[in-house]
Amino acid sequence: MGTRSTYRVIEQYKNEAGSIENNNLVLIYRQYDGYPTGHPLETAEWLATAKVVNGLGMNETQLVFNGAGCLAAQLIARFKDGPGGTYIHSLESRGESWEDYLYDIIVKENYTIEFVAYSNGETKTEFFRGTPSEFVAKFKKVEVEV
């Protein structure tokens with residue numbers, strides 16, 4: 001049996017009144033390995049190596065996302081390598097596919113990334129909020145020398 005999870009990619013911005021709003025772009029459902037030390041850790045490691053920009057430069061040497069929509073598209077491409085396993089679901093269905101974990105990737109207005117993790121049992125409970133690097137630091141398995 002798989003450990004189901006979903007990723008929601010969110011673009012955060014200021015509206016005309018100056019209030020912060022969220023634009024939920026996509027919901028990605030994954031059938032297996034959604035526990036924090038599974039593919040979410042790998043995803044956080046990947047996100048930690050990247051930067052979000054508004055416009056592409058000529059000589060970028062690191063992974064770049066040209067806004068939240070670009071991040072969402074690259075995340076789908078990273079996850080999807082054939083039939084099954086990864087699906088796009090409607091945003092409204094979040095938490096309704098027996099997901100054990102829910103993850104939010106929030107692209108802030110200042111081009112930083114916030115990674116939020118919830119367990120989805122009887123009630124949804126947030127257990128992490130921070131940068132992708134902080135998620136990696138918290139959930140990276142410590143290798144023991146033998």
Notebook entry, point to check: Taking the side chain from Asn120 and the backbone from Tyr101, do they hold a donor-acceptor pair closer than 3.5 Å?
Noted result: no
Side-chain heavy atoms of Val26 within contact of Ile88, under 4.5 Å:
yes
Exactly one of Asn110, Asn66, Val64, Val107 clears side chain to side chain contact (heavy atoms under 4.5 Å, CB included) with Val52, and that residue is Val107
Residues His89 and Ser97: closest non-hydrogen pair is CE1-OG, 3.4 Å
- Hey, does the side chain of Glu134 reach the backbone of Gly130 with a donor-acceptor pair shorter than 3.5 angstrom? no
Glu109 and Gln12: side chain to side chain contact (heavy atoms under 4.5 Å, CB included), yes or no, with the steps?
-> CA-CA 6 Å; Glu109 188 178 23; Gln12 207 168 68; 5.6 Å; no
So CD of Glu126 and CG of Asp104: to nearest 0.5 Å the spacing works out to 9.0 Å
query: So, His39 versus Tyr103: side-chain donor-acceptor pair below 3.5 Å or not?
result: no
Kindly indicate whether the side chain of Glu11, heavy atoms from C-beta on, has any atom under 4.5 Å from the side chain of Asn22.
no
| Side-chain ion pair, Lys14 and Glu21, N-O less than 4.0 Å | no
Taken in chain and number order and not counting sequence neighbours, the residues that satisfy side chain to side chain contact (heavy atoms under 4.5 Å, CB included) with Ser19 are Asn15
When rounded to the nearest 0.5 Å, the distance separating OG of Ser5 from OH of Tyr32 is 12.5 Å
Output for pair (Thr37 OG1, Lys138 NZ), nearest 0.5 Å, gives 12.5 Å
dist Lys140:NZ -> Ser133:OG (nearest 0.5 Å) comes out at 11.5 Å
In this structure, CG of Asn23 is separated from OH of Tyr13 (nearest 0.5 Å) by 6.0 Å
**Q.** Step-by-step side chain to side chain donor-acceptor pair (under 3.5 Å) determination, Tyr111 to Asn54
**A.** CA-CA 8 Å; Tyr111 305 112; Asn54 182 14; 3.3 Å; yes
Original post:
Is Ile113 close to Phe65 at the side-chain level, that is, under 4.5 Å between some pair of heavy atoms?
Top reply: yes
So CH2 of Trp46 and CG of Leu75: to nearest 0.5 Å the spacing works out to 5.0 Å
Can you find a heavy atom in the side chain of Tyr7 that is under 4.5 Å from one in the side chain of Pro40?
yes
For Ser90 and Leu27, the nearest pair of non-hydrogen atoms, with its separation, is O-CD2, 3.2 Å
Does a donor on one side chain and an acceptor on the other come within less than 3.5 Å for Gln31 and Tyr29?
yes
NZ/NE/NH1/NH2 to OD/OE distance under 4.0 Å, Asp33 and Arg4:
no
Practice problem: Please tell me if the side chains of Asp100 and Ser119 come closer than 4.5 Å, counting only heavy atoms from C-beta onward. | Solution: no
| task | Determine whether Phe139 and Glu45 make a side-chain contact, defined as any pair of heavy atoms from C-beta on separated by less than 4.5 Å. | result | no
- Query: Centres of the Phe135 and Phe128 rings: under 6.0 Å?
  - Reply: yes
Taking every heavy atom of Phe79 against every heavy atom of Thr86, the minimum-distance pair comes out as O-OG1, 3.6 Å
Do Phe115 and Leu63 belong to the same hydrophobic cluster, where Ile, Leu, Val, Met, Phe, Trp and Tyr are linked whenever their side-chain heavy atoms lie under 4.5 Å apart, directly or via other members?
yes
> Heavy atoms, side chains only, cut-off 4.5 Å: are Arg94 and Lys124 in contact?
Replying inline: yes
The remaining residues in the hydrophobic cluster of Val116, counting side-chain heavy-atom contacts under 4.5 Å among Ile, Leu, Val, Met, Phe, Trp and Tyr, are Ile10, Leu102, Ile106, Tyr118
### Message
A side-chain contact here means heavy atoms from C-beta on lying under 4.5 Å apart; do Leu71 and Leu47 qualify?
### Response
yes
